[in-house]
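Below: the structure, in structure tokens.
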Amino acid sequence: MTKIINVIKGTKDILPQDVASWQRMEKIALEVFSKYGYKEIRTPIFEATELFARGVGDTTDIVNKEMYTFEKSDRSLTLRPENTAGVVRSFIENGMARLSPPVKLWYKGPMFRYERPQAGRQRQFHQVGVEMFGVKQPTADAEVILLAVNYLKALGLNDLEVEINSLGCPKCREAYKAKIKEVLKPEFDNLCEDCQNRYEKNPLRLLDCKVDSCKEIFAKPEIQKVIQSDFICEECAEHYRAVKSYLDVLRIKYVENKLLVRGLDYYNRTVFEIKSNNLGSQNAVCGGGRYDSLVRNLGGDDTPAVGWAMGMERLNSLLPLVETQKLDAYIVSNSPSDAFALAEELRAAGKTVEFDLTNKKFTKQLEKAGKAADFALILGEDEIKSGTVSVKNLKTSEQITVKKCEALNKI
RNA sequence: GCGGAUAUCGUCAAGCGGUUAAGACCUCGGAUUGUGGUUCCGAUAUGCGUGGGUUCGAGUCCCACUAUCCGCCCCA
């Protein structure tokens, strides 16, 4: 036997029986985001490697070890591991800074990260996300969080937990980093290897370490005091308070989590996650925040921005099953040409219709009709002769014979 | 990159060293040449992830590899 070829590790087919749910997620995204004035943008699936190195940040795991990078014509190209960098690139390149702000965009599509697959994590996965450019006020943060919550609500998910935090601006963050380093210095040798690396590179990320021994260290009162301290400057604090007050007005429940640190380097001030208890250890459905310096870092004019992304596979696993649609009618006939004609007529009128292309026996066709549709349209010799069709309701077994042209109104 | 588990038909599985690898679902055919969903009968793995080994004998025991799942890390 010839060897069969399997899907690549960490990738999955989205099979016909699951597609209805995906189409629903996409349709509701369009509906909800449109109400707030967000327009869909579709950017390429691969970009210059440098875009992600500069955009996402070269101290991140994503850039360091998770990118699918390849060379072509002396260029280094990378399959997008996330879409914010691509959207920002497009924003700059297409002069969207000249549009009247805010510029509100949303996207959906596949992303690629070379990681060990597990529950809720694939190498090719899909994200839906929004980005808003040009508003530095906390209203933007609030609107974007509102949008995430309302999208989830529209999908039927009401009870997910929103966690928020403020990372402050680069200035106040430096001071905070210094304080964390100072208080952890005596414990340095007891930290795990990863944390020891983070200590220099990005001390903020020490805080969401999951190693038990590190957690114990962070739990110490004198260290907690520093972690819990309000390190952010007055301007950032005011921004953060305003975001929270808007969320209160919008009746969006949230939990403040000082340990919430996004793994991407571009965030400042507001960061947030939406989590579910039903996802196992990969429990974040949505992650996002403000990234006021990214546009400038990628060569554009200084433009404040805020956005988020959701993992569609994770989202999908929280959603109830969507049943695949039955046909409106199944034509039972041993005359393919008559069946073709009737089917086309009904399809032109918007109905979903099939008939047996293999011309099986009558009973087999009816059996198939029972599984595939709510109505059977019987087009036998008698009916064909008299220009009629028998319409059988397959649930109630009631059957009537009508003129062919009236069949449309009976199904 | 590091741990743990699993691998028998399209799917879910039984099998615990001894003839021909249960069963269920799905699919297909028949009972039924114009009336289905219930019922009955029949068909469908020369083969147990791959390669070695132990044994008179291996799906079953051992080793290696591969794949998948789960956890760490990281993230959506």
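Being a predicted model, the structure only gives us computed values, none of them experimental. Each chain gets a letter, A, B and so on, in the order the sequences are listed, and its residues count up from 1.
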What does [X] touch in the nucleic acid at a heavy-atom separation under 4.0 angstrom: a base, only the sugar-phosphate, or nothing?
X: A309(A); result: sugar-phosphate
X: L315(A); result: nothing
X: D382(A); result: base
X: K9(A); result: sugar-phosphate
X: G380(A); result: base
X: E381(A); result: base
X: Q399(A); result: base
X: G129(A); result: nothing
X: S397(A); result: base
X: Q282(A); result: base

Between [options], which nucleotide has the shortest distance from any of its atoms to the side chain of [X]?
X: N283(A); options: G34(B), C75(B), G29(B); answer: C75(B)
X: E367(A); options: G36(B), A76(B), U35(B); answer: G36(B)
X: R314(A); options: C2(B), U35(B), C75(B); answer: C75(B)
X: P117(A); options: C69(B), U35(B), G37(B); answer: C69(B)
X: A284(A); options: A76(B), U35(B), C70(B); answer: A76(B)
X: Q118(A); options: C69(B), C75(B), G71(B); answer: G71(B)
X: K364(A); options: G30(B), C75(B), G34(B); answer: G30(B)
X: L366(A); options: A76(B), U35(B), C72(B); answer: U35(B)

Nucleotide paired to [N] in any strand shown, Watson-Crick or G-U, under 3.5 Å:
N: U20(B); value: none
N: G59(B); value: none
N: U32(B); value: none
N: C65(B); value: G49(B)
N: C25(B); value: G10(B)
N: G3(B); value: C70(B)

Report yes if a side-chain nitrogen or oxygen of [X] is closer than 4.0 Å to either non-bridging phosphate oxygen (OP1 or OP2) of [N]; otherwise report no.
X: K368(A); N: G37(B); value: no
X: K360(A); N: U33(B); value: no
X: K361(A); N: A31(B); value: yes

[X] [atom1] - [N] [atom2] separation (whole Å):
X: E115(A); N: C72(B); atom1: CD; atom2: P; result: 13 Å
X: Q365(A); N: G34(B); atom1: CD; atom2: C1'; result: 11 Å
X: L379(A); N: G34(B); atom1: CG; atom2: P; result: 14 Å
X: Q122(A); N: C70(B); atom1: CD; atom2: P; result: 10 Å
X: K395(A); N: G36(B); atom1: NZ; atom2: C1'; result: 15 Å
X: Q17(A); N: C26(B); atom1: CD; atom2: C1'; result: 13 Å
X: R123(A); N: A76(B); atom1: CZ; atom2: C1'; result: 17 Å

Lys/Arg N to Asp/Glu carboxylate O, [X] vs [Y], below 4.0 Å:
X: E345(A); Y: K404(A); answer: no
X: R347(A); Y: E344(A); answer: yes
X: R113(A); Y: E82(A); answer: no
X: E31(A); Y: K27(A); answer: yes
X: K244(A); Y: E256(A); answer: yes

Original post:
Can a donor-acceptor pair under 3.5 Å be found between the side-chain atoms of R121(A) and the base atoms of A76(B)?
Top reply: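 Per atom types, no contact qualifies.
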
**OP:** Specify whether Y151(A) and W308(A) have parallel, tilted or perpendicular ring planes, treating 30° as the upper limit for parallel and 60° as the lower limit for perpendicular.
**Re:**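 Answer is parallel, since the angle falls under 30°.
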
**OP:** Indicate the ring-plane relationship of F133(A) and F91(A), choosing parallel, tilted or perpendicular according to the 30° and 60° boundaries.
**Re:**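 Ring orientation, 0 to 90° scale: parallel.
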
**OP:** Kindly indicate, with the supporting measurements, whether the criterion ring-ring contact (aromatic ring centres under 6.0 Å, His included) is fulfilled by W106(A) and F33(A).
**Re:** CA-CA 7 Å; W106(A) 76 274; F33(A) 303 156; 5.3 Å; yes

Subject >> Closest-nucleotide 5' rank along RNA chain B - winner of M310(A) and K12(A) >> reply: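 Looking at the nearest nucleotide for each, K12(A) comes out on the 5' side.
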
Subject >> Given RNA chain B, 5'-ward residue of the pair V285(A) and G10(A), judged by closest heavy atom >> reply: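 Closer to the 5' end of RNA chain B: G10(A).
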
For the [atom1] atoms, the ones on [N] and on [M], what distance do you get once it is rounded to whole angstrom?
N: A24(B); M: U39(B); atom1: P; value: 13 Å
N: C12(B); M: C69(B); atom1: P; value: 13 Å
N: G47(B); M: G59(B); atom1: P; value: 12 Å
N: U44(B); M: G23(B); atom1: P; value: 12 Å

